[in-house]
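Since the structure comes first, as structure tokens, the remarks are kept for the end.
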Amino acid sequence: MRVLILPAMLIVTLLSCDNFKPGKAKTFTRFEFSYNDFFTTCFSIKFTQGDTAFIQQHFSRFSDTLKSHKSYLAILTGSERKTLDSFINKLNIDAYDTSYYQSYEDGDYYQFFIANDSLQKTIYIHSDSIPAELKKLSYWIVATKKKLQHFPIDTTIDFRSLKYFLLPPVPLPAINFMPPKVK
């Protein structure tokens, strides 16, 4: 009888804790964020399940350390990881639109991509009228990315948050050179 009471008490204890309630913690299999402020920086960041983040710097105007078109690895502190998890647990991904857009020329725009076992969603933002949770999360990611220590890596990173995000490169027009006529 004692053998059954101890496991039963352990199960009841675990189920009564908030962290172990089914559906309480929202996990992701993929969480990415791409950001462009037009004037100083454009980057993508992919967060893993652990403390690692992969960053691709698409454009950087005033940085001595981050080079355009380069990839980096960064390690989140325990506090940064807890903050990220807290943001994700508060997000109601199903309730958000896939696009928040206002027609203005400049300003920042960004895109989230989140996936788990039952959902894949991209949220594009170029607007001031967005849910507060998304705005706070984007500000936190941009600020955190600035203070992370970046380690260059020589690899290509697949970012789904880049779909429809970066403009395709514009090919230069072909120039037909005609030598001057000699008289």
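Between the side chain of T29 and the backbone N or O of A115 there is at least one donor-acceptor pair closer than 3.5 Å. No donor-acceptor pair closer than 3.5 Å links the side chain of K145 to the backbone N or O of I45. In this structure a side-chain-to-backbone donor-acceptor pair under 3.5 Å is missing from T144 to I141.
Closest approach of I75 to E80, counting heavy atoms only: O-OE1, 4.2 Å. Closest approach of H150 to I55, counting heavy atoms only: CD2-CD1, 3.4 Å. Q56 approaches I157 most closely through the heavy-atom pair OE1-O, 3.9 Å. Shown here for I125 and I130, the closest heavy-atom pair between the two residues is CG2-CG2, 3.6 Å. Of all heavy-atom pairs between R30 and D158, the closest is NH2-O, 2.7 Å.
Here OG1 of T41 is found 9.0 Å from NE2 of H58. Values are rounded to the nearest 0.5 Å. Taken from CG in N116 to CD1 in I88, the straight-line distance is 10.5 Å, to the nearest 0.5 Å. Distance CG/L137 to CD1/I123: 9.5 Å, rounded to 0.5 Å. Atoms NZ and OG1, from K136 and T83 in turn, are 13.0 Å apart once rounded to the nearest 0.5 Å. Rounded to the nearest 0.5 Å, atoms CD1 (I114) and CG (L91) are 6.0 Å apart. If you take NZ on K82 and CG on N89, they are separated by 13.0 Å, rounding to the nearest 0.5 Å.
Remark: R81 pairs with D85 by the salt bridge (Lys or Arg N to Asp or Glu O under 4.0 Å) rule, at least two apart or across chains. For D97, the side chain to side chain donor-acceptor pair (under 3.5 Å) test picks out no residue, with sequence neighbours left out. Every residue meeting the side chain to side chain donor-acceptor pair (under 3.5 Å) condition with E133, not counting sequence neighbours, appears here in chain and number order: Y96. In this view, T155 satisfies the side chain to side chain donor-acceptor pair (under 3.5 Å) rule with no residue, not counting sequence neighbours. For the side chain to side chain contact (heavy atoms under 4.5 Å, CB included) test, residues two or more places apart in sequence or in another chain that qualify with F151 are L73, Q149. Remark: K70 pairs with K67, Y72 by the side chain to side chain contact (heavy atoms under 4.5 Å, CB included) rule, at least two apart or across chains. Annotation: ring pair (Phe, Tyr, Trp, His ring centres under 6.0 Å) contacts of F113 (sequence neighbours excluded): none. Taking D154 as the reference, nothing meets the side chain to side chain contact (heavy atoms under 4.5 Å, CB included) condition, with sequence neighbours excluded. For T48, the side chain to side chain contact (heavy atoms under 4.5 Å, CB included) partners at least two apart in sequence or on another chain are T52, F54. For D94, there are no salt bridge (Lys or Arg N to Asp or Glu O under 4.0 Å) partners at least two apart in sequence or on another chain. With sequence neighbours left out, the ring pair (Phe, Tyr, Trp, His ring centres under 6.0 Å) criterion links F47 to F31. Here S127 pairs with Q102 under the side chain to side chain donor-acceptor pair (under 3.5 Å) rule; sequence neighbours left out.
Here the rule is ring pair (Phe, Tyr, Trp, His ring centres under 6.0 Å) with F33, and of Y139, F87, F159, F112 only F112 fits it.
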